[in-house]
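One structure below.
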Amino acid sequence: MIGKAYLVGSGPGGLGLLTLRAREVIDSADVVLYDQLPGEEILSTLPRDAELIDCGKYGGNHTLKQHEIEALMVERVKAGKVVVRLKGGDPFLFGRGGEEIEVLREHGISVEVVPGVTSAIAVPEMVGIPVTHRRYASEVTFITGHEDPTKPESALDWEVLSRLKGTLVILMGVKNLPAIAAALAAHGKDPATPVAIIERGLRPDQRVTVGTLADIVEAARARGVRPPAVIVIGGVVNLYDGEGLSG
Ligand code: SAH
């Protein structure tokens, strides 16, 4: 008796951007493994009779390691359960979804992936910033800000990134913003390039901070910018519609 595994994207937050397929699959689950990124509006609708596993606070306050999450999924599927791994945004963009399906497949478990609306596009979009635009950007690059650019083992080539003419969208970049801005500036990116930081996009307490590459670090510090936030760098930021500029 073997169950079934689903890797499901929740969208950036809010029931309106959860897909119909995601809703259907979540509602059929025996087990849901989640973290806080999908946001309260979605998490409050998880099926009450399912086993709900908060991967950030397992058994009190233990944050599950990636291998522990994978092991739990394998174990529950092998026990015959319908298991949903719920991820913020789209499961294959910086969500470690790719790693999770690899592990499940190694155990002979097939996985259905349910794509989600990614925060990398939707969060800027909802404040009027298109990630591409004929006048400003014919290309967009999605970057993890998780890596410290000053570390020699960084997988990112900041010299190449700073030469790109299109939009840079950085996820998980709040902590390393000073190092990222410095790396781009050091490789010749125009200090006047517009930058927007959208915190808690699509949540009631969404907040937007705008500036330039030269002054965004100070602006973020002064306003106490915190994750989760999407950072957008490029001319498209000029289209920001001013909504959400509060706090
Ligand atoms: N797979 C997700 C991204 C996971 S990485 C997706 O496709 O959206 C986690 C990062 O996503 C956060 O650090 C933040 O940069 C971004 N993020 C996700 N949801 C967000 C939201 N509602 N508002 C702002 N940033 C968000």
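The first residue of the sequence shown is numbered 1, and numbering continues consecutively from there. Note that the structure is a prediction, hence the values are computed from the model and not measured. One-based numbering, in listed order, for ligands and for the atoms of each.
In this structure, the side chains of Leu104 and Val74 come closer than 4.5 Å at one or more pairs of heavy atoms. Inter-residue side-chain proximity for Tyr6 and Arg85 is flagged as unmet; no heavy-atom pair is nearer than 4.5 Å.
For atom 4 (C) of ligand 1, the nearest protein heavy atom (residue, atom name, distance) is Phe94 O, 3.6 Å. The shortest contact between atom 8 (O) of ligand 1 and any protein heavy atom is with Ser119 OG, 2.7 Å. Of the protein's non-hydrogen atoms, the one nearest atom 3 (C) of ligand 1 is Leu93 O, 3.4 Å. Of the protein's non-hydrogen atoms, the one nearest atom 10 (C) of ligand 1 is Met172 CG, 3.7 Å. Summary of contacts: the protein heavy atom closest to atom 21 (C) of ligand 1 is Gly201 N, 3.7 Å. From the protein, the heavy atom lying nearest to atom 7 (O) of ligand 1 is Thr118 OG1, 2.7 Å. The closest protein non-hydrogen atom to atom 2 (C) of ligand 1 is Gly88 O, 3.1 Å.
Those atoms of ligand 1 with a heavy atom of Arg200 less than 4.0 angstrom away are 23 (N), 24 (C). Interface atoms of ligand 1 facing Ile198, defined by a heavy-atom separation under 4.0 Å, are 24 (C). For ligand 1, the atoms lying closer than 4.0 Å to a non-hydrogen atom of Pro228 are 12 (C), 14 (C), 24 (C), 25 (N), 26 (C). Set against the non-hydrogen atoms of Arg203, the atoms of ligand 1 under 4.0 Å away are 22 (N). Those atoms of ligand 1 that come under 4.0 Å of a heavy atom in Leu171, given as number and element, are 3 (C), 11 (O), 15 (O).
Between the side chains of Asp215 and Thr212, at least one donor N or O lies within less than 3.5 Å of an accepting N or O.
More than 12 heavy atoms of other shown residues, nucleotides or ligands fall within 6.0 angstrom of atom NE2 in His62. Within 6.0 Å of atom NZ in Lys189, more than 12 heavy atoms from other residues, nucleotides or ligands are found, so the atom counts as buried in its surroundings.
Here the side chain of Glu199 pairs no donor or acceptor atom with the backbone of Ala229 at under 3.5 angstrom. Put simply, the side chain of Lys81 never gets that close to the backbone of Arg76: no donor and acceptor are under 3.5 Å apart. Using modelled atom types, no side-chain atom of Asn176 and backbone atom of Gly173 make a donor-acceptor pair closer than 3.5 Å. The main-chain N or O of Glu24 is never found under 3.5 Å from a side-chain atom of Asp27 such that the two would form a donor-acceptor pair.
Only the backbone of Ala229 comes within contact range of ligand 1, with a heavy atom under 4.0 Å; no side-chain atom does.
At least one heavy atom of Leu37 lies less than 4.0 angstrom from ligand 1.
One finds the CH2 atom of Trp158 at 9.0 Å from the CD atom of Glu147 (value rounded to the nearest 0.5 Å).
Counting only non-hydrogen atoms, the option in Ala120, Pro227, Gly89, Pro12 that gets closest to atom 6 (C) of ligand 1 is Gly89.
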